[in-house]
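Treat the numbers as computed from the prediction; the structure is a model and nothing was measured. Lettering of chains follows the sequences in order, A, B, ..., and the numbering in each one begins at 1.
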Protein chains: 2
Amino acid sequence: MALFLSTFTNKVDKKGRVSVPAPFRAALVGQNFNGLVAFRSYRLPAIEGLDMARMEQFSESADALDLFSEEHEDITATIFADAVQLPFDGEGRIVLPQNLVDHAGIDESATFVGRGRTFQIWQPGKFEDFQGQARERARDQGLTLRLRPGQDGDR
Amino acid sequence: MALFLSTFTNKVDKKGRVSVPAPFRAALVGQNFNGLVAFRSYRLPAIEGLDMARMEQFSESADALDLFSEEHEDITATIFADAVQLPFDGEGRIVLPQNLVDHAGIDESATFVGRGRTFQIWQPGKFEDFQGQARERARDQGLTLRLRPGQDGDR
DNA sequence: TCTAAACCCATTGACGCCCATCAAATCCCA
DNA sequence: TGGGATTTGATGGGCGTCAATGGGTTTAGA
């Protein structure tokens with residue numbers, strides 16, 4: 001599976017189109033669906049972005065919950081109902097729906113933020129603030145990452 | 001199997017017809033029956049929508065329950081007895097039966113809500129409220145979706 | 001014969017698709 | 001190694017197509 005790395009800021013044109021950074025596009029090829037899936041983060045003023053394979057995986061995981069249970073209802077209402085498929089145009093751009101734009105407070109530019117298996121889309125200024133705070137927390141709390149044993153990195 | 005994503009709100013015309021969103025229609029092709037199956041949700045003021053394959057799956061799951069048990073009686077009465085087949089017209093519209101419309105409180109518009117393997121049909125305002133509450137619960141309870149083990153992400 | 005559902009056709013507005021331009025990074029060769 | 005040429009990615013705009021919608025007409029069943 002592809003890794004989404006680094007951050008890119010692109011312009012949103014009058015039609016609401018944004019170019020998806022070429023490296024991200026390269027990580028999103030080879031699906032049935034030529035585009036990406038997006039939904040509003042329920043914790044942050046940001047848009048979550050992922051590929052269809054990941055969404056299918058969510059779907060299978062959600063199927064493991066009891067149907068008609070409250071947990072199932074909440075998960076599907078916050079993720080699947082909120083998700084949109086955003087196809088690429090010939091130039092590799094997407095159109096961000098109004099409700100996503102509103103949620104993230106995006107205006108003339110959008111920042112694509114790599115987060116490993118997924119990525120996020122932010123209003124540039126808001127991401128800058130958020131990243132600054134995250135770095136502070138990481139430093140103050142001595143954040144560490146434990147590697148999973150027995151797992152090769154190149155899966 | 002089909003994956004239903006996003007929400008779409010369409011108008012109900014004077015004849016009671018609603019366009020089923022094109023992406024949903026695309027997920028509903030390839031059945032014997034050109035249309036969808038619907039029944040009243042027993043927990044929510046909404047209409048459950050699905051394809052025939054999913055209905056078959058429900059049937060098999062119900063078979064796992066003891067025949068003539070109260071649970072079996074209740075499930076079959078609530079789901080199978082209540083279900084209706086709604087065929088598409090030439091433009092991909094359906095007509096919602098009166099009892100479903102009443103149950104969901106639908107008037108001039110209907111909201112189609114993707115929920116993964118199935119979808120729901122709501123009165124727009126009611127779904128907005130419900131989704132808002134679901135998002136709150138998701139945030140407050142730190143709702144997460146555990147990915148099913150043994151499933152590779154890189155498919 | 002009357003009503004309701006199925007079928008057909010017209011309109012319109014958003015979106016997908018195409019082409020043009022421009023900037024930047026890279027490549028190539030003297 | 002410097003500078004010109006080429007490629008690739010980002011951006012802008014025009015136009016055709018399809019989905020959603022509305023209404024009329026025919027068919028079937030009561």
Enquirer: Any base atoms under 4.0 Å from A:Val12, or only sugar-phosphate, or nothing? Heavy atoms, all strands.
Expert: nothing
Enquirer: Report the distance from atom CG of A:Asn10 to atom P of D:dG12, rounded to the nearest whole Å.
Expert: 11 Å
Enquirer: Please report, rounded to the nearest Å, how far the P atom of C:dC15 is from the CD atom of A:Gln85.
Expert: 15 Å
Enquirer: Grab the CG-C1' distance between A:Asp13 and C:dG16 for me, whole Å please.
Expert: 14 Å
Enquirer: Base, sugar-phosphate alone, or nothing: which one does B:Val20 contact when heavy atoms must sit under 4.0 Å apart?
Expert: sugar-phosphate
Enquirer: Return the value, rounded to whole Å, for the distance between atom CZ of A:Phe24 and atom P of D:dG9.
Expert: 15 Å
Enquirer: With A:Asp74, which of B:Arg135, B:Gln133, B:Arg137 fulfils side-chain hydrogen bond (donor to acceptor under 3.5 Å, both in side chains)?
Expert: B:Arg137
Enquirer: Specify the separation, in whole Å, of atom CD1 of B:Ile94 and atom P of D:dT21.
Expert: 13 Å
Enquirer: Side chain of B:Lys15 only, heavy atoms from C-beta on: which candidate in D:dA10, D:dG24, D:dA19 is closest?
Expert: D:dG24
Enquirer: Toward the 5' end of DNA chain D, which comes first, A:Pro23 or B:Ser19, by nearest nucleotide?
Expert: A:Pro23
Enquirer: What nucleic acid atoms does B:Asp89 come within less than 4.0 Å of, heavy atoms only: base, sugar-phosphate, or nothing?
Expert: nothing
Enquirer: Report the distance from atom CZ of B:Arg17 to atom C1' of D:dG24, rounded to the nearest whole Å.
Expert: 10 Å
Enquirer: In terms of side-chain heavy atoms of A:Lys11, which of D:dA20, D:dT21, D:dG12 is nearest?
Expert: D:dG12
Enquirer: How many Å lie between CD on A:Glu108 and C1' on D:dA10, as a whole number?
Expert: 16 Å
Enquirer: Side chain of B:Lys14 only, heavy atoms from C-beta on: which candidate in D:dA20, D:dA10, D:dG23 is closest?
Expert: D:dG23
Enquirer: Do you know which two heavy atoms are closest between A:Phe112 and A:Val18, and how far apart they sit?
Expert: CE1-CG1, 4.0 Å
Enquirer: Salt bridge between B:Glu91 and B:Arg17, side-chain N to carboxylate O under 4.0 Å?
Expert: no
Enquirer: Classify the angle between the aromatic ring planes of A:Phe68 and B:Tyr42 as parallel (below 30°), tilted (30 to 60°) or perpendicular (above 60°).
Expert: tilted
Enquirer: Rounded to whole angstroms, how far apart are CZ on B:Phe88 and C1' on C:dC8?
Expert: 19 Å
Enquirer: So, under a plain 3.5 Å distance rule, would you say the side chain of B:Glu91 forms a donor-acceptor pair with the base of C:dC9?
Expert: yes
Enquirer: I'd like to know if A:Arg93 reaches the base of D:dG12 with its side chain, counting only an N/O donor and acceptor under 3.5 Å.
Expert: yes
Enquirer: Examine B:Phe24 together with B:Phe4 and report whether their ring centres are nearer than 6.0 Å.
Expert: yes
